There are 2 protein chains.
Amino acid sequence: MRPELLKGHLDGLLLAVLEPHPLHGYAVIDAVRSASTGAFDLPTGTVYPALHRLERAGLIVSEDEVVGGRRRRMYRLTAAGVAALSQQRTIWHQFATAVDAVLGRTPWPATP
Amino acid sequence: MRPELLKGHLDGLLLAVLEPHPLHGYAVIDAVRSASTGAFDLPTGTVYPALHRLERAGLIVSEDEVVGGRRRRMYRLTAAGVAALSQQRTIWHQFATAVDAVLGRTPWPATP
DNA sequence: TCACAATACTTTGCAACGCTACATATAAGC
DNA sequence: GCTTATATGTAGCGTTGCAAAGTATTGTGA
């Protein structure tokens with residue numbers, strides 16, 4: 001999967017996996033990979049800066065905790081994050097519908 | 001619609017509207033807008049460089065013509081372009097499916 | 001006739017963003 | 001002791017869509 005495709009869509013994915021319950025960065029990567037059944041295997045250099053960005057934007061907040069001697073930074077959605085996620089879903093739906101319309105909805109090998 | 005969302009997806013859209021028959025740049029903009037029912041209103045500064053990129057990549061070829069005293073650069077798909085379009089549709093389908101899976105498929109206002 | 005809109009193409013420079021690569025540290029398993 | 005897994009972080013790069021500005025022609029309306 002070409003990496004640039006994610007541009008602009010990553011934030012929504014991160015917010016979505018944080019929705020049910022808080023997670024730390026490493027677990028976020030696992031959650032996205034698992035939820036996408038392996039399609040998105042995000043590198044740490046993508047996820048950590050993105051989480052920092054979301055925190056600066058006030059959509060998530062973090063709290064350090066130590067589990068098994070290892071430091072973890074747990075992130076959870078703020079109210080603004082919940083709202084942003086809802087909006088992201090709407091935007092994604094509109095976007096996907098529009099792309100589908102232009103591409104002609106024939107993702108299979110060849111359907112003349 | 002946030003503009004960066006298109007990143008990585010633009011080429012597919014352009015190839016798709018060029019599939020049925022050749023078009024010139026300005027007509028490509030119209031075709032994308034119309035096919036997306038207004039969702040994508042691409043600026044010229046986006047489309048013309050993208051067409052040049054696709055031509056450099058060998059996916060389309062251009063030919064100058066003059067209609068009503070105005071010069072037009074008509075673009076049409078090459079065989080490589082047709083193949084690339086087919087591949088783009090597959091990739092888009094995989095990508096959209098994966099995003100849908102992570103976002104949880106609830107693009108509506110609120111469905112608890 | 002003169003101004004303006006529509007058609008048609010081009011280029012410069014920017015900003016955003018995800019990625020690669022690297023660095024650091026602890027715990028567990030062999 | 002060494003490797004692997006867990007866990008976080010940063011610097012710098014490359015791609016790419018966009019805003020803004022410019023050029024040129026045709027058609028239209030005052």
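So you know, we letter chains A, B, ... as the sequences are listed, proteins then strands, and number each from 1. Since we're looking at a predicted model, the values are computed, not measured.
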Quick one: does [X]'s side chain have a donor or acceptor within less than 3.5 Å of a partner on [Y]'s backbone?
{"X": "Glu55(A)", "Y": "Ser62(A)", "result": "yes"}
{"X": "His9(A)", "Y": "Leu5(B)", "result": "yes"}
{"X": "Thr90(A)", "Y": "Ser86(A)", "result": "yes"}

Leu10(A) side chain, from C-beta outward: closest of dG18(C), dT20(C), dG17(D):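 Looking only at side-chain atoms, Leu10(A) lies closest to dG18(C).
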Closest to side chain of Lys7(A), choosing from dC17(C), dG17(D), dC19(C):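 Selected nucleotide: dC17(C).
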Note, Leu14(B) side chain near Tyr75(B) side chain (heavy atom, < 4.5 Å):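 No, their side chains stay 4.5 Å or more apart.
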Please give, in whole Å, the distance from [N] [atom2] to [X] [atom1]?
{"X": "Leu54(B)", "N": "dT15(D)", "atom1": "CG", "atom2": "P", "value": "15 Å"}
{"X": "Asp41(B)", "N": "dG17(D)", "atom1": "CG", "atom2": "P", "value": "16 Å"}
{"X": "Leu5(A)", "N": "dT16(D)", "atom1": "CG", "atom2": "C1'", "value": "12 Å"}
{"X": "Arg53(B)", "N": "dG14(D)", "atom1": "CZ", "atom2": "P", "value": "17 Å"}
{"X": "His9(B)", "N": "dG18(C)", "atom1": "NE2", "atom2": "P", "value": "11 Å"}
{"X": "Leu42(A)", "N": "dG18(C)", "atom1": "CG", "atom2": "C1'", "value": "10 Å"}
{"X": "Asp64(B)", "N": "dA8(C)", "atom1": "CG", "atom2": "P", "value": "13 Å"}
{"X": "Glu63(B)", "N": "dC9(C)", "atom1": "CD", "atom2": "P", "value": "14 Å"}

salt_bridge([X], [Y]) N-O dist < 4.0 Å:
{"X": "Glu63(A)", "Y": "Arg72(A)", "result": "no"}
{"X": "Glu19(B)", "Y": "Arg76(B)", "result": "no"}
{"X": "Arg71(A)", "Y": "Asp64(A)", "result": "yes"}

Pairwise N/O distances under 3.5 Å, protein to nucleotides 7-11 of chain D:
residue	atom	partner	partner atom	Å
dA7(D)	OP1	Arg72(A)	NE	2.9
dA7(D)	OP1	Arg72(A)	NH2	2.5
dA7(D)	OP2	His24(A)	NE2	3.4
dT8(D)	OP1	Arg73(A)	N	2.8
dT8(D)	OP2	Gly25(A)	N	3.2
dT8(D)	OP2	Tyr26(A)	N	2.7
dT8(D)	OP2	Tyr48(A)	OH	2.9
dT8(D)	O5'	Tyr48(A)	OH	3.4
dT8(D)	O3'	Arg71(A)	NH2	3.1
dG9(D)	OP1	Arg71(A)	NH2	3.2
dG9(D)	OP2	His52(A)	NE2	3.0
dG9(D)	O6	Thr44(A)	OG1	3.2

Within residues 13-21 of chain B, residues whose heavy atoms come under 4.0 Å of DNA chain D: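 Per residue number, the list is empty: none.
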Considering all heavy atoms, the nearest Ala35(A)-Ala101(B) contact: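 Closest heavy-atom pair between Ala35(A) and Ala101(B): O-CB, 3.4 Å.
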Mind listing the side-chain donor-acceptor pairs of residues 37-45 of chain B below 3.5 Å, one per line with the distance, residues two or more places apart or on another chain?
residue	atom	partner	partner atom	Å
Asp41(B)	OD1	Arg33(B)	NH1	2.5

